[in-house]
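A short worksheet on the structure shown next.
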Amino acid sequence: MLDSDTETEPVSASNWSVEACIYIDLTYVILKSFFVYCMYAMDLQARSNKRKRKTKTKTSTPAEPIPELSSEILMDILVRLPVKSLLRCKAVCKAWRAVVTDPLFVRAHLQSSAARCEQNPTLVVTPHTLDSVIPYEDWPTTFSNNISFYQWQQGARMATFMHAKDFGSEFRSARHFAHCDGLVLAPTDTKLYLFNPATRESITLPDSGCGCKLTRGEAARCCCCAGLGRDSRSGEYKVVRAFYRSMDHDTTMGTDMGMEVFTVSGNGGGTWREIMDHLPYPAANWHTAVTVNGFLYWRVDGNHDKHPPWGPLHLSLADETFGITMLPDSVDPVFPNSFSLDELHGELCVGELTSEETVIIWTMPIQDEGQGLYWEQRCTVRLSGLFHPVAFLPGDRIMLSAGCSINIFDMAISKITAKYKMDRMKYQGRRARTWKNLLILNIHRYTESLVPISV
Amino acid sequence: MEVDKGKGEAEETRKVAEADRDTVTLKSSDGKLFEVSKEAAARLSTVLAGMIAGGSIDDNGTDLKQIGSEALENVVDYCNKHANSIPSAALISSSISFNTAPFKEPEEWERKFVDRLSHDALFDLVEAANFLGMERLLDVTCHKISEMMKGKSPDQIREVFNIKNDYTKEELEEIRQELAWAFYDD
């Protein structure tokens with residue numbers, strides 16, 4: 001039986017990235033000021049003819065169809081509520097439904113939700129079990145087609161159920177998921193699925209319009225690089241996938257990689273559109289992009305080029321152009337297992353495994369060109385294997401994800417002070433603590449949101 | 001703290017005197033006067049800070065026509081309590097280097113402060129905090145109201161907010177069916 005903790009799969013460990021789409025304070029402030037400004041303008045009008053609220057008048061409800069509180073304050077209250085409560089608020093009255101579905105409110109709620117998670121990170125967990133175990137498979141092809149989402153916070157004794165959906169036998173293998181603003185992209189060997197587990201919305205993305213046709217038998221070798229991110233210019237969420245324009249019939253490997261984009265919440269007509277910019281290097285197969293501030297990052301496929309660039313490939317979701325982001329000088333991109341690539345507090349993060357059995361955490365804020373100005377060395381973690389940094393915690397601690405474990409590492413005393421075995425956790429609605437044929441858990445940092453999925 | 005003051009001093013004298021004082025006098029819509037520390041008012045309210053800086057504070061009671069005496073008393077009470085219980089902003093920001101988020105959970109005393117308020121007093125206070133640009137108090141009061149809403153049914157929320165249901169039975173049924181799962185508590 002496959003052990004979920006072993007990392008002998010052809011997929012490098014670093015791809016179990018835990019992404020946090022936390023936007024910086026500034027965005028929140030700007031948005032809020034704008035919000036307040038708009039509401040204030042509206043409110044001045046309302047104030048002038050609003051009658052004074054008094055306890056006595058409360059009985060005369062028929063003449064009071066609008067809420068007593070100004071819309072500005074109402075929004076300030078509603079942004080603090082969890083998604084489930086807000087969905088219920090839709091049934092309060094038409095005005096409230098209009099507030100909850102307003103894109104400006106959805107954005108403000110997301111910022112508030114992200115700010116709360118900043119204090120105590122929330123994780124979304126999807127356990128992947130196998131229907132049966134076939135020995136000696138490179139990567140199993142018997143994945144359960146039931147995709148479920150659970151939410152967990154440090155200290156909680158149970159992971160709470162969010163959403164589950166069964167896809168019959170549509171796919172055979174699931175890949176690394178991606179998270180952005182409450183949306184979860186689930187790439188599989190055949191289909192791409194997009195979820196908002198908090199609102200329980202989901203879609204199956206249409207099949208690709210590009211690429212050479214591969215039979216189902218060959219599908220395991222077709223390209224499966226995908227990514228999800230937010231175009232910060234248009235505010236649209238975009239799913240990107242790679243395809244091969246041709247195939248080498250001797251090796252049955254794809255050649256000449258291209259990429260295509262699907263706009264989730266726009267007027268794109270619900271179809272894939274090929275990205276016109278030339279892809280300088282092919283992305284590594286099966287990898288799901290790390291998303292930071294409107295850019296997607298993939299490791300470059302080392303097999304396809306004798307001189308790979310010194311860093312990952314990036315795609316600007318706004319310009320739909322590619323580029324290379326340089327790694328810190330000490331990180332050698334030729335050895336894919338020598339570094340991890342993640343998103344950490346809205347910055348690109350590299351974990352460098354050194355020969356001294358320590359991991360150096362580097363971060364870089366991402367600017368408009370997808371290239372930050374500098375790599376900053378944030379801390380050194382004395383652990384002998386790679387992991388994924390999830391979040392910095394107050395008190396000089398860092399949350400790490402490795403295999404099925406979530407660990408809290410205290411940098412001051414250089415020790416793991418708490419270890420959570422996510423595969424032995426109590427999951428809401430399940431009697432057993434153990435999972436039959438559990439292969440791996442998809443664990444991501446998560447921000448609950450109302451972001452709609454519409455095609 | 002309520003004070004009674006006579007009018008009649010010359011504008012110039014008042015302004016000079018005002019600059020020297022370390023409190024400001026605020027006047028509620030129903031004419032009651034409250035005194036609050038100038039330092040706390042300037043720190044906690046952007047509107048009062050602007051008025052103090054701009055010299056538009058009236059020594060005989062700055063008119064706040066939009067705020068009733070009960071709400072203003074709570075505002076002043078909050079300012080005075082806040083001046084005693086909260087470390088300076090610089091201290092807070094330096095202790096949590098990674099926490100750039102503007103959201104902060106209410107402190108224990110702030111919870112108690114809003115918990116003791118009646119429903120109406122709370123709603124009046126949130127309006128007052130908003131009017132005076134008191135971000136922290138607005139945060140605390142909004143947090144309290146949002147806590148009151150958690151786990152409540154749409155019917156109960158309508159009652160709290162004094163809202164009329166403008167849906168037809170059919171429309172409501174449609175929403176309930178679409179989001180049936182969200183109407184159950186865990």
Side-chain angles (χ1 to χ4, degrees), chain A residues 22 24-26 28-29 32 43 47 52-55 57-58 61-70 72-74 76-97 111-112 114-119 160-161 199-200 345 391-396 428, chain B residues 29 66 68 95-105 118-121 123-124 126-127 129-131 133 135 138-139 141-167 171-176 178-179 181-186:
Chain A
I22 305 300
I24 54 162
D25 194 22
L26 191 64
Y28 179 87
V29 171
K32 191 168 172 182
D43 201 38
R47 263 178 210 280
K52 184 90 188 84
R53 192 169 68 84
K54 282 285 167 218
T55 327
T57 57
K58 283 213 137 180
T61 39
E64 191 61 49
I66 47 161
E68 292 281 3
L69 292 170
S70 69
E72 177 194 337
I73 296 173
L74 181 64
D76 221 339
I77 294 164
L78 294 183
V79 292
R80 292 152 203 272
L81 289 173
V83 167
K84 197 172 172 180
S85 299
L86 288 171
L87 294 177
R88 264 188 245 186
C89 283
K90 281 184 171 182
V92 168
C93 65
K94 286 176 181 168
W96 280 35
R97 183 177 59 181
Q111 308 288 4
S112 162
R116 277 193 300 274
C117 290
E118 196 72 351
Q119 305 210 317
T160 51
F161 176 78
T199 60
R200 299 196 183 180
H345 295 277
F392 286 109
L393 302 175
D396 218 14
Q428 185 184 16
Chain B
S29 60
Q66 297 78 358
S95 64
I96 313 164
S97 55
F98 266 99
N99 194 347
T100 51
F103 182 88
K104 281 187 196 72
E105 288 284 325
S118 73
H119 178 247
D120 270 18
F123 276 53
D124 285 337
V126 73
E127 296 268 15
N130 182 49
F131 179 79
E135 205 174 320
L138 193 60
D139 242 19
T141 44
C142 286
H143 182 88
K144 169 68 185 170
I145 298 174
S146 74
E147 288 291 313
M148 283 159 56
M149 289 171 69
K150 279 184 193 165
K152 282 207 164 63
S153 70
D155 284 339
Q156 290 167 317
I157 291 173
R158 273 186 223 113
E159 204 174 310
V160 171
F161 283 83
N162 191 20
I163 295 167
K164 186 176 178 276
N165 175 16
D166 56 357
Y167 283 117
E171 284 170 332
L172 211 52
E173 192 50 38
E174 201 179 307
I175 295 173
R176 277 188 168 276
E178 185 197 337
L179 297 166
W181 62 273
F183 287 85
Y184 294 107
D185 273 319
D186 296 327

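Computed over heavy atoms, backbone and side chain alike; hydrogens, waters and symmetry mates excluded.
- Side chains of A/Leu78 and B/Met149 form a contact here, defined as non-hydrogen atoms less than 4.5 Å apart.
- You'll find the side chain of A/Lys84 stays beyond 4.5 Å of the side chain of B/Leu179, heavy atoms only.
- Atom CG of A/Asp76 sits about 12.5 Å away from atom NE2 of B/His143, to the nearest 0.5 Å.
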Checklist line | Steps toward side chain to side chain contact (heavy atoms under 4.5 Å, CB included) verdict (B/Trp181, A/Leu87) | finding: CA-CA 10 Å; B/Trp181 62 273; A/Leu87 294 177; 3.6 Å; yes
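- Nearest heavy-atom pair, A/Lys90 versus B/Ile175, reported as atom, atom and distance to 0.1 Å: O-CD1, 3.9 Å.
- Interface residue B/Ile145: backbone and side-chain heavy atoms are both found under 4.5 Å from chain A.
- Counted within 6.0 Å of CD on B/Glu171, heavy atoms from surrounding residues, nucleotides or ligands total more than 12; the atom is thus considered enclosed.
- For the pair B/Gly151 and A/Ser85, the tightest heavy-atom approach, listed with the atom from each and the gap, is N-OG, 4.4 Å.
- The distance from atom SG of B/Cys142 to atom CD1 of A/Ile77, rounded to the nearest 0.5 Å, is 4.5 Å.
- Checked by atom type and distance alone, the side chain of B/Arg158 pairs as donor or acceptor with a backbone atom of A/Val92 at under 3.5 Å.
- Between B/Leu172 and A/Ala91 the shortest heavy-atom distance is CD1-O, 3.5 Å.
- Separation of atoms SG (A/Cys93) and NZ (B/Lys164) is listed at 10.5 Å; rounding is to 0.5 Å.
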Check: When you look at B/Ile157 and A/Arg88, which way does the side chain to side chain contact (heavy atoms under 4.5 Å, CB included) test go after all the steps?
Finding: CA-CA 10 Å; B/Ile157 291 173; A/Arg88 264 188 245 186; 5.6 Å; no
